[in-house]
*Asks:* 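Below you'll find the structure I mean.
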Amino acid sequence: MQALWLENQNLEFRGDVPIPIPKEDEALIRVRLAGLCSTDLELLRGYYPFSGIPGHEFVGEVVGCPNDSSWVGKRVVGEINIACGVCETCKSGLTRHCERRKTLGIHDWNGVFAEYLVLPLRNLRTVPDQIPDNLAVFTEPLAAAYEILEQNPVYPSDQVLIIGAGRLGQLVAQVLLETGCKLEVVARHPKQRELLTNRNIQTITEQDLGNKKYDVVIDASGSPDGFLWAMKSVRPRGKIILKSTYKGDLQVNFSEIVVNEVSLMGSRCGPFEPALRMLKENRVDPRPLIEAIYPLELGPIAFEHAAKPGVLKVLIQPGSFTIPYGSVGGQ
Ligand SMILES: [Zn+2]
Ligand SMILES: [Zn+2]
């Protein structure tokens, strides 16, 4: 099959990768559409050791299932953490935190930038017919945005600040808007501001961050500066929620956290069900984020495009030879 192959910080298109073979309780899935996210770019930069097929955001169709043929033909999305099911963490219900987990396209499991992938059946969620592929492909990052609400109640009376209006920040903003909170988003690029303004979400710049204090600050900036801004902007007894991973270690003034009694919370993957429900009910619409769709053959160019500053969502479609949005390589 065709696939993108990552090895030693080099990404290439290959036409001769063996089609994976599903084991019992797994499904073979044909990829219909896949999404590129910052984690994929970080894998290419060598932030995490991984070789194989990258990619973890997808919508696909089950084409093979050894012991349950009722799955065949279903359109699905998939949870990215492949849990062992038997460790203490799994038994306590926290399968996304399994101690021995593998992660689709990130750790020890081949990903979705290919014609086919394999996932355990328990990871799959059927996509309702009302959700087209170009919306369903956002289920995983949208679920990650919902994780914030799964972890913390956000009240309509809360002043909430999101730092960063990139791929994830945009989705977090759409999700948080639903709570009725007083929301402001720090956005650097005109396109990011325009998309937020179109949804009646208030945008500000870093320069506007004066002495105003917020109840909840969410850092989706992907940069250590974002955390420093969050520290300056959170009120005493407020919460900082970290949605970004940073390369290397971060200098943190813990005394400030203690003195101001700030709660600090990390937040990663989230539940698929609310994401699918909100997509089905048209309560969020990430489609304006799509900047380009590339065929697998142009995968390396798709990665270059996605890495440009301010670029939002780049998609990869196996078997496609048209690029409906944008232009090759971006402007
Ligand atoms: Zn991702
Ligand atoms: Zn486990």
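Each ligand, and each atom within it, is numbered from 1 in the order the structure gives.
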*Asks:* Have a look at the Zn ion (ligand 1) and estimate, to 10 degrees, the angle subtended by SG (Cys37) and NE2 (His56).
*Replies:* 100°
*Asks:* Work out the angle at the Zn ion (ligand 2) between SG of Cys84 and SG of Cys87, rounded to 10°.
*Replies:* 110°
*Asks:* So that I can tick it off, tell me whether Arg199 and Asp285 are bridged by a salt bridge, with the cut-off set at under 4.0 angstrom between side-chain N and carboxylate O.
*Replies:* no
*Asks:* Could you give the distance from CZ (Arg268) to CD1 (Ile148), rounded to the nearest 0.5 Å?
*Replies:* 14.0 Å
*Asks:* Could you grab the angle centred on the Zn ion (ligand 2), going from SG in Cys98 to SG in Cys90, to 10°?
*Replies:* 100°
*Asks:* Looking only at side chains, do Thr89 and Glu99 share a donor and an acceptor under 3.5 Å apart?
*Replies:* yes
*Asks:* Taking the N/O/S atoms of Glu57 one by one, which is nearest to the Zn ion (ligand 1)?
*Replies:* OE2
*Asks:* Less than 4.0 Å between a side-chain N and a carboxylate O, is that true for Glu57 and Lys313?
*Replies:* yes
